[in-house]
A.B. asks: 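This is the structure, below, for whatever I ask next.
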Amino acid sequence: MSSSENPTVTERGSKDRRDEDGDKKEGGGGFIDKVKDFIHDIGEKIEEAVGFGKPSADVSGIHIPHISLHRADLVVDVLIKNPNPVPIPLVDIDYLIDSDGRKLVSGLIPDAGTIHAHGEETVKIPVSLVFDDIKSTYKDIQPGSIIPYLVRVVLLVDVPIIGRIKIPLQKSGEIPVPYKPDVDVEKIKFHHFSFEETTATLHIKLENKNDFDLGLNMLEYEMWLGDDSIASAELTQSAKIEKQGITRMQIPFSFRPKDFGSAVWDMIRGRGTGYTFKGKIDVDTPFGNMKLPINKEGGTTRIKKDEDDDDDDDN
């Protein structure tokens with residue numbers, strides 16, 4: 001649980017009565033001691049009469065508004081309830097995120113605001129995890145993996161009469177370290193050829209190297225044969241790429257061969273042709289939406305005609 005049932009109280013003063021030599025007095029009959037007892041009794045009576053009490057808190061949620069190959073932005077929601085008739089200041093927020101006991105990120109937020117009288121506030125703690133820093137520090141954390149985390153938060157609040165108290169909280173979860181999918185152009189299949197307009201289909205393979213599924217929403221790409229850009233588009237297409245799985249897609253396109261250079265003609269003659277394929281995909285994941293880059297440089301593809309045997313798919 002992340003609720004705070006036993007906050008730590010920092011007392012405003014000592015209750016021990018000691019003489020000048022540091023020994024406790026027996027009987028407590030000194031004037032100063034009586035004044036201290038009187039003030040303490042009055043404080044307790046005021047607390048009972050006015051209704052001062054210790055605030056409570058809970059980590060009500062953790063959101064991931066942004067995640068990419070480079071970093072994940074988290075927002076930790078902390079719900080704080082103030083039962084007192086006066087506002088209480090939130091002095092500091094101390095936070096730490098670790099994974100299996102290893103620190104990922106930590107920080108301190110001073111002067112974090114005020115909790116209204118007889119009210120409750122959700123305080124948002126923004127945190128960023130930089131994946132390059134994590135991977136360089138902990139070599140066993142691999143791209144594409146899912147790692148556990150534990151958020152630890154300590155709130156320092158100042159309550160009238162009671163004093164400053166610390167409220168410790170914690171909540172666990174999981175977060176991915178994303179890895180970009182691999183893409184290959186397996187073949188280009190021609191349907192109609194002329195110098196003015198040629199229609200064809202790109203056969204591409206997307207390999208998901210993550211330990212979580214990708215729900216494809218959109219693919220944006222541009223493809224070059226040699227130095228010539230022959231096709232580009234933004235496609236809205238739904239597909240599921242299972243974790244550690246492969247999905248194949250067919251993308252129709254058209255171009256004018258007479259506008260391009262030798263690489264296109266080499267491909268038309270049946271020779272292997274170097275290509276570059278770049279773009280990005282928009283995907284849904286169990287951790288939120290991601291936009292991941294895809295690219296393949298230096299690959300080789302070939303022409304395939306409609307009348308060719310479809311079983312011959314080797315490049």
Side-chain angles (χ1 to χ4, degrees), residues 68-69 143-144 178-286 289-315:
S68 67
L69 288 181
Y179 192 54
K180 67 180 181 181
D182 276 356
V183 60
D184 277 311
V185 177
E186 295 187 307
K187 62 178 177 277
I188 301 177
K189 191 169 185 178
F190 281 66
H191 310 297
H192 169 75
F193 175 82
S194 73
F195 291 107
E196 293 297 328
E197 183 178 32
T198 293
T199 59
T201 300
L202 284 175
H203 290 246
I204 68 170
K205 178 180 71 174
L206 287 173
E207 182 177 0
N208 178 15
K209 294 189 173 184
N210 294 284
D211 288 335
F212 50 91
D213 296 342
L214 302 177
L216 180 65
N217 300 315
M218 183 273 292
L219 182 148
E220 181 182 328
Y221 78 94
E222 186 169 6
M223 180 175 172
W224 290 261
L225 290 178
D227 296 328
D228 298 319
S229 174
I230 67 165
S232 63
E234 181 177 309
L235 304 175
T236 302
Q237 186 167 345
S238 297
K240 180 181 180 182
I241 314 175
E242 295 184 351
K243 61 181 181 180
Q244 303 296 332
I246 293 174
T247 292
R248 287 177 167 84
M249 300 176 61
Q250 299 180 15
I251 304 174
F253 72 101
S254 62
F255 66 101
R256 292 158 53 96
K258 70 176 185 178
D259 294 338
F260 300 110
S262 60
V264 173
W265 295 105
D266 286 343
M267 184 184 64
I268 291 172
R269 294 186 186 103
R271 301 173 184 172
T273 304
Y275 73 88
T276 299
F277 191 96
K278 292 184 179 182
K280 64 181 179 181
I281 57 175
D282 182 289
V283 294
D284 292 326
T285 77
N289 180 265
M290 297 186 197
K291 293 177 175 58
L292 300 175
I294 52 174
N295 65 75
K296 175 76 172 185
E297 297 187 49
T300 301
T301 189
R302 64 180 175 84
I303 187 174
K304 186 175 179 65
K305 299 177 182 177
D306 272 337
E307 60 267 21
D308 290 343
D309 184 3
D310 284 338
D311 293 333
D312 181 18
D313 287 339
D314 294 334
N315 291 321

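Quick note: numbers below take in every heavy atom, side chains included, and nothing from hydrogens, waters or symmetry partners.
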A.B. asks: Going from CD1 on I281 to CE on M218, what distance comes out if it is rounded to the nearest 0.5 angstrom?
C.D. replies: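 I281 CD1 to M218 CE: 9.5 Å, rounded to 0.5 Å.
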A.B. asks: What's the spacing between L206 CG and I294 CD1 if we round to 0.5 Å?
C.D. replies: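 CD1 of I294 is found 5.5 Å from CG of L206.
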A.B. asks: Any salt bridge (charged side-chain N to carboxylate O under 4.0 Å, His left out) involving residues 198-210? Give me the pairs, sequence neighbours left out, ordered by first then second residue.
C.D. replies: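 Residue pairs passing salt bridge (charged side-chain N to carboxylate O under 4.0 Å, His left out), neighbours aside: D182-K209.
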A.B. asks: Of all heavy-atom pairs between P178 and P143, which one has the smallest distance, and what is that distance?
C.D. replies: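 Where P178 meets P143 most closely, the heavy atoms are O-CB, 4.4 Å.
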A.B. asks: Applying ring-ring contact (aromatic ring centres under 6.0 Å, His included), can you list everything that pairs with Y179, at least two apart in sequence or on another chain?
C.D. replies: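 Applying ring-ring contact (aromatic ring centres under 6.0 Å, His included) to Y179 gives none.
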A.B. asks: Does T198 have any side-chain hydrogen bond (donor to acceptor under 3.5 Å, both in side chains) partners at least two apart in sequence or in another chain, and if so, which?
C.D. replies: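 side-chain hydrogen bond (donor to acceptor under 3.5 Å, both in side chains) list for T198, sorted by chain: empty.
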A.B. asks: Give me the atom names and distance for the closest heavy-atom approach of N210 to G144.
C.D. replies: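 Minimum heavy-atom contact is OD1-CA, 3.3 Å.
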A.B. asks: Atom CZ of F277 and atom CG of L202: how far apart are they, to the nearest 0.5 Å?
C.D. replies: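 Going from the CZ atom of F277 to the CG atom of L202 covers 6.5 Å.
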A.B. asks: Sort and list the pairs that fulfil salt bridge (charged side-chain N to carboxylate O under 4.0 Å, His left out) and have at least one residue in residues 238-248, not counting sequence neighbours.
C.D. replies: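 Every pair satisfying salt bridge (charged side-chain N to carboxylate O under 4.0 Å, His left out) with a residue in residues 238-248: E186-R248, D213-K240.
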A.B. asks: CD1 of I204 to CG of L219: how many Å apart, nearest 0.5 Å?
C.D. replies: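 Rounded to the nearest 0.5 Å, the CD1-CG separation comes to 5.0 Å.
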A.B. asks: The criterion is side-chain hydrogen bond (donor to acceptor under 3.5 Å, both in side chains); which residues satisfy it with S229, sequence neighbours excluded?
C.D. replies: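 S229: side-chain hydrogen bond (donor to acceptor under 3.5 Å, both in side chains) contacts with E222.
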A.B. asks: Report the distance from atom OG1 of T276 to atom CG of D228, rounding to the nearest 0.5 Å.
C.D. replies: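 Those atoms lie 11.0 Å apart.
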A.B. asks: Output all residues satisfying side chain to side chain contact (heavy atoms under 4.5 Å, CB included) with N289, sequence neighbours left out; order by chain, then residue number.
C.D. replies: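 Scan of N289 (side chain to side chain contact (heavy atoms under 4.5 Å, CB included), adjacent residues dropped) gives N217, D282, D284, K291.
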A.B. asks: Just so I know, are the side chains of N295 and V183 near enough to count as touching, which here means a heavy-atom distance under 4.5 Å?
C.D. replies: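 The answer is no; the side chains never approach within 4.5 Å.
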A.B. asks: Mind checking whether Y275 and I230 have side chains closer than 4.5 Å, heavy atoms only?
C.D. replies: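 The answer is no, as the side chains (C-beta and beyond) never meet within the 4.5 Å cut-off.
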A.B. asks: Check L69 against K180 and note the closest heavy-atom contact, atom names and distance.
C.D. replies: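 The pair with the smallest heavy-atom distance is CD2-N, 3.6 Å.
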A.B. asks: Apply side chain to side chain contact (heavy atoms under 4.5 Å, CB included) to the pair Q237 and I251, showing each step before the final yes or no.
C.D. replies: CA-CA 10 Å; Q237 186 167 345; I251 304 174; 5.6 Å; no
A.B. asks: Output the distance between atom CZ (F212) and atom CE (M290), rounded to the nearest 0.5 Å.
C.D. replies: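 Rounded to the nearest 0.5 Å, the CZ-CE separation comes to 4.0 Å.
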